[in-house]
A.B. asks: 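For reference, the structure I am asking about is given below.
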Amino acid sequence: MAKTLKDVKIGETCVVAKLHGEGAVKRRIMDMGITKGVEIYVRKVAPLGDPMELTVRGYELSLRKADAENIEVQ
């Protein structure tokens, strides 16, 4: 099974391989600057696991785990 952003540990950097999800969900993720080939650094995860705090293209972003599951990484 492919690794998703949800599986990446705190302090790790990954590269987006592919985006999954339906039109609106996928478009919202892309609007946040998360596109194929971009590097994502996982800064921290909230105590209950949601949301994840990321650094993408030099800015900070919070993303729900449900959305993170739609982002395949390598």
Side-chain angles (χ1 to χ4, degrees):
M1 195 179 135
K3 183 177 177 183
T4 65
L5 182 57
K6 187 180 168 202
D7 305 318
V8 180
K9 304 278 181 275
I10 296 169
E12 289 184 351
T13 299
C14 60
V15 176
V16 178
K18 190 176 178 188
L19 296 177
H20 300 279
E22 293 306 306
V25 174
K26 190 172 177 179
R27 192 160 47 247
R28 191 163 50 91
I29 290 170
M30 291 176 80
D31 286 346
M32 289 188 253
I34 298 173
T35 53
K36 186 176 175 177
V38 92
E39 272 196 359
I40 298 179
Y41 172 70
V42 179
R43 288 179 43 244
K44 62 183 183 185
V45 177
L48 298 174
D50 243 356
M52 302 176 77
E53 290 199 14
L54 316 167
T55 300
V56 181
R57 298 180 189 262
Y59 65 89
E60 293 173 6
L61 188 66
S62 290
L63 192 69
R64 296 194 322 258
K65 283 268 172 92
D67 291 333
E69 283 182 303
N70 288 319
I71 303 167
E72 190 177 312
V73 298
Q74 54 198 22

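Bear in mind the structure is a predicted one, so any value in this text is a computation, not a measurement.
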A.B. asks: Give every residue pair that meets the salt bridge (Lys or Arg N to Asp or Glu O under 4.0 Å) criterion with at least one member in residues 24-34, sequence neighbours excluded.
C.D. replies: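 Checked against salt bridge (Lys or Arg N to Asp or Glu O under 4.0 Å) - neighbours excluded - the pairs reaching residues 24-34 are R28-D67.
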
A.B. asks: Please name all residues satisfying side chain to side chain contact (heavy atoms under 4.5 Å, CB included) with E22, sequence neighbours left out, ordered by chain then number.
C.D. replies: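 Scan of E22 (side chain to side chain contact (heavy atoms under 4.5 Å, CB included), adjacent residues dropped) gives none.
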
A.B. asks: Kindly work out whether a path of hydrophobic side-chain contacts (I/L/V/M/F/W/Y, heavy atoms less than 4.5 Å apart) joins I10 to L54.
C.D. replies: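 Yes; tracing contacts between hydrophobic side chains, which count when under 4.5 Å, links both residues.
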
A.B. asks: Can you tell me how far the CG atom of L5 sits from the CE atom of M52, to the nearest 0.5 Å?
C.D. replies: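 Going from the CG atom of L5 to the CE atom of M52 covers 4.5 Å.
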
A.B. asks: Hey, does T55 have a side-chain heavy atom less than 4.5 Å from the side chain of I40?
C.D. replies: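 No. Closest side-chain heavy atoms not under 4.5 Å.
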
A.B. asks: If you compare all heavy atoms of C14 against all heavy atoms of V73, which two are closest, and at what distance to 0.1 Å?
C.D. replies: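 Closest approach of C14 to V73: SG-CG1, 3.6 Å.
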
A.B. asks: Could you pull out all donor-acceptor pairs under 3.5 Å where a side-chain atom in residues 41-48 meets a protein atom, sequence neighbours excluded?
C.D. replies:
from : atom 1 : to  : atom 2 : distance (Å)
R43  : NH1    : E53 : OE1    : 3.1
R43  : NH2    : E53 : OE1    : 3.4

A.B. asks: Restricting to pairs with a member in residues 1-20, which pass salt bridge (Lys or Arg N to Asp or Glu O under 4.0 Å), not counting sequence neighbours?
C.D. replies: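 Those involving residues 1-20 are K6-E69.
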
A.B. asks: Apply side chain to side chain contact (heavy atoms under 4.5 Å, CB included) to the pair L63 and V56, showing each step before the final yes or no.
C.D. replies: CA-CA 11 Å; L63 192 69; V56 181; over 6 Å; no

A.B. asks: Taking side chain to side chain donor-acceptor pair (under 3.5 Å) as the test, write out the residues that go with T35, two or more places apart.
C.D. replies: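 Checked T35 against side chain to side chain donor-acceptor pair (under 3.5 Å); matches are R57.
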
A.B. asks: Hydrophobic cluster membership, with links at side-chain heavy-atom distances under 4.5 Å among I/L/V/M/F/W/Y: are V15 and I29 in one?
C.D. replies: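 Per the 4.5 Å side-chain linkage, V15 and I29 are not co-clustered.
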
A.B. asks: If only atom types and distance count, is the side chain of D50 paired as donor or acceptor with the main-chain N or O of K65 below 3.5 Å?
C.D. replies: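 Indeed, once roles are kept as given, a pair shorter than 3.5 Å links the two residues.
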
